[in-house]
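Everything numeric in this text was worked out from a predicted model, so none of it was measured.
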Amino acid sequence: MAAKSLQTIEELLISSLPRELVLSVEEGLGVGANLAFQAASGMRDGHLSNVVGQMRHFHMNETFADALESVGATPSPVRGNALVVGRAGVFQIARFNVNQGPWYNAKRSSLRRKLAEANRSIEPLVQPNLFETVEPTTILATVFFVAVFSGSITLHPEFPVDVQIAVPDSRMHNWLYCESIGKFVQEYDSVIVQEDKANPALKTNARKKQFNEGELS
């Protein structure tokens, strides 16, 4: 049951988020991280990691907004500590950074928690409830792009070691879906292959009937 439910959320993501949006965000976050590291270069070791962290917030917000805007995902204005939030399909789109290991800081932001509340509408996809229904055409949910860093200022600090796409539950206690973008984008090809192979065969009598009625082209 769990695997089937996760696939359902994955399909919802694929149907809402164009491949070019996902790849554009992944590239943009890498560019922003590199700009942040360059901007902090020359700082003293004692507070270099703090400066890099602050620069990541500003530069990655800029490139994240650019990436969303380039594919028509209508990002909110870049402003101070405010989250940049876009929209595609049924999903609100936001981002945050973490270090490798448990994502302890994921739910520290009250704004992120507020966005995650919308995912109450898709929780039944993972934990079915007899009294709740999911209408993918009308729901509004939230997905986060998560840039994962090594956690060390000396070990690849200029780029994320991974970028993941994550859908939290409404309280940000668990993840309804979480996958590396590199693996997630492969599912677009899987969907296309399945569609290409979809060639239902009509029974002989049905084919003759359609041909006689001039319905085949």
(message) Does His47 have more than 12 heavy atoms from other residues, nucleotides or ligands lying within 6.0 Å of its NE2?
(response) yes
(message) Can you list everything that forms a salt bridge (Lys or Arg N to Asp or Glu O under 4.0 Å) with Glu117? Sequence neighbours excluded, please.
(response) Lys114
(message) Count I, L, V, M, F, W, Y as connected when their side-chain heavy atoms are under 4.5 Å apart, and connections chain through other members. Are Ile181 and Ile14 then in the same cluster?
(response) yes
(message) Contact between Ile93 and Thr142 at the side-chain level, heavy atoms closer than 4.5 Å - yes or no?
(response) no
(message) For a quick test of reading the model, state the closest non-hydrogen atom pair linking Arg56 to Pro157 and the distance between them.
(response) NH2-O, 2.8 Å
(request) State yes or no: do Phe159 and Phe149 share one hydrophobic cluster built from I, L, V, M, F, W and Y residues joined by side-chain heavy-atom distances below 4.5 Å, directly or via other members? (result) no
(message) Checking Ser41 now: which residues fulfil side-chain contact (heavy atoms from CB on, under 4.5 Å) with it, not counting sequence neighbours?
(response) none
(message) Could you tell me if Gln38 and Asn34 have a donor-acceptor pair between their side chains, going purely by distance under 3.5 Å?
(response) yes
(message) Using the rule that Ile, Leu, Val, Met, Phe, Trp and Tyr join whenever any side-chain heavy atoms are under 4.5 Å apart, tell me whether Val85 and Leu111 fall into a single cluster.
(response) yes
(message) With clusters defined by side-chain heavy atoms of hydrophobic residues (ILVMFWY) lying less than 4.5 Å apart, directly or transitively, does Val52 cluster with Leu35?
(response) no
(message) Quick one about Gln100 and Ser150 (side-chain donor to acceptor, distance below 3.5 Å, no hydrogens or angles considered), yes or no?
(response) no
(request) Calculate, to the nearest 0.5 Å, the distance between atoms CE and CZ belonging to Met60 and Phe145 respectively. (result) 12.0 Å
(message) More than 12 heavy atoms of other residues, nucleotides or ligands under 6.0 Å from CD of Glu27: yes or no?
(response) no
(request) May I ask whether Ile9 and Val185 are part of the same hydrophobic cluster, defined by side-chain heavy atoms of I, L, V, M, F, W, Y residues being less than 4.5 angstrom apart, directly or through others? (result) yes
